[in-house]
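Scroll down for the structure; my scribbles are underneath it.
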There are 2 protein chains.
Amino acid sequence: MNHVKTYRKAKKMSQYELAQSIGVARQTINLIENDKYNPSLALCLKLAHVLDTDLNALFWEEKNEN
Amino acid sequence: MNHVKTYRKAKKMSQYELAQSIGVARQTINLIENDKYNPSLALCLKLAHVLDTDLNALFWEEKNEN
DNA sequence: TAATATGGTCATATATAAATGACATTGGAG
DNA sequence: CTCCAATGTCATTTATATATGACCATATTA
């Protein structure tokens with residue numbers, strides 16, 4: 001689970017607006033939010049910038065297996 | 001510029017060893033280190049875990065445009 | 001009722017990440 | 001110098017990210 005949807009909602013953007021603002025298709029945003037696949041690093045970086053956050057906030061999950 | 005090579009050297013691993021440890025080809029590591037392309041998020045996450053670091057440390061560049 | 005905005009999903013096509021095998025170069029160790 | 005490990009790079013193939021167009025469901029508003 002990533003946190004794209006949470007950050008998008010915080011900016012009050014629709015999937016379409018977010019897609020437009022980073023130059024991808026709306027379906028791409030939808031699939032990413034629903035973990036249907038595996039975005040490229042370049043796309044992750046664009047998302048982080050548009051959503052005023054960073055890679056870790058959007059995509060990093062700490063492992064607590066010690 | 002990403003910091004994969006720096007973190008790999010810190011772990012004293014070769015490109016081949018790093019590639020083996022995350023299940024990709026050596027060339028893939030080489031291309032990523034030299035910014036020849038655009039790895040997937042899943043691959044970035046594996047790299048971060050194997051190199052005992054996180055996404056921001058490897059791939060995030062702060063923008064200092066204020 | 002209809003109309004619109006948003007989100008989820010499908011099928012098809014294209015661009016590119018990644019695999020594979022090969023070869024050249026570099027640097028260190030003998 | 002030779003030998004070898006590590007790296008850089010090329011060409012080809014395969015898997016998949018992404019684009020595009022479409023359709024459906026839901027909620028809201030006229």
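Every chain is numbered from 1, with letters handed out A, B, ... down the list of sequences. In this text, all values refer to a predicted model and were calculated from it rather than measured experimentally.
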Notebook entry, point to check: Would you call E33(B)-R8(B) a salt bridge at under 4.0 Å N-O?
Noted result: yes

Check: To the nearest angstrom, how far is E33(B) atom CD from dA17(C) atom P?
Finding: 17 Å

Next item on the list: Could you tell me whether the phosphate oxygens of dT18(D), OP1 or OP2, come under 4.0 Å of any side-chain nitrogen or oxygen in S40(A)?
Entry: yes

Margin query: Any non-hydrogen side-chain atom of I32(B) less than 4.5 Å from a side-chain atom of L41(A)?
Written below: no

Check: Do the side-chain N or O atoms of K36(B) get closer than 4.0 angstrom to the phosphate oxygens (OP1, OP2) of dT16(C)?
Finding: no

Margin query: Strictly below 4.0 Å: does N30(A) bring a side-chain N or O up to OP1 or OP2 of dG8(C)?
Written below: yes

Next item on the list: Would you mind reading off the distance between I29(B) atom CD1 and dT20(C) atom C1', rounded to a whole angstrom?
Entry: 15 Å

Item checked: side-chain N/O N38(B) vs dT16(C) OP1/OP2, d < 4.0 Å -> no

Next item on the list: Determine, using the 4.5 Å side-chain heavy-atom cutoff (strictly less than), whether V50(A) and L47(A) are members of one ILVMFWY cluster.
Entry: yes

Checklist line | Spacing between Y37(A) atom OH and dC10(C) atom P, to the nearest angstrom | finding: 14 Å

Check: In whole angstroms, how far is the P atom of dA11(D) from the CG atom of L31(B)?
Finding: 13 Å

Item checked: Approximate separation, where rounding is to 0.5 Å, of L45(A) CG and L58(A) CG -> 10.0 Å

Notebook entry, point to check: CG of L41(B) versus P of dA17(C): gap in Å, rounded?
Noted result: 14 Å

Notebook entry, point to check: Which part of the nucleic acid, if any, lies within contact of L43(B), taking any heavy atom under 4.0 Å across all strands shown: a base, the sugar-phosphate backbone alone, or nothing?
Noted result: sugar-phosphate

Next item on the list: Measure from NZ on K5(A) to P on dT6(C) and round the result to the nearest Å.
Entry: 14 Å

Check: Among the nucleotides dG21(C), dT9(C), dT18(D), which one has an atom lying closest to any side-chain atom of T28(A)?
Finding: dT18(D)

Next item on the list: Measure from CZ on R8(A) to P on dG8(C) and round the result to the nearest Å.
Entry: 7 Å

Item checked: Distance below 4.0 Å between Q15(B) side-chain N/O and dG8(D) OP1 or OP2 -> yes

Check: What is the distance, rounded to the nearest whole Å, between atom CG of D35(B) and atom P of dT9(D)?
Finding: 12 Å

Next item on the list: Examine the base of dG21(C) for any acceptor or donor lying under 3.5 Å from a partner atom in the side chain of R26(B), and report the outcome as yes or no.
Entry: no

Notebook entry, point to check: What does K9(A) touch in the nucleic acid at a heavy-atom separation under 4.0 angstrom: a base, only the sugar-phosphate, or nothing?
Noted result: sugar-phosphate

Note to self: Is it the case that the ring center of W60(A) lies less than 6.0 angstrom away from the ring center of H49(B)?
What the structure shows: yes

Note to self: Please tell me if S14(B) has a side-chain N or O lying less than 4.0 Å from either OP1 or OP2 of dA5(D).
What the structure shows: no

Margin query: Is there, by distance only and without an angle test, a donor paired with an acceptor across the side chain of Q27(A) and the base of dG21(D) below 3.5 Å?
Written below: yes

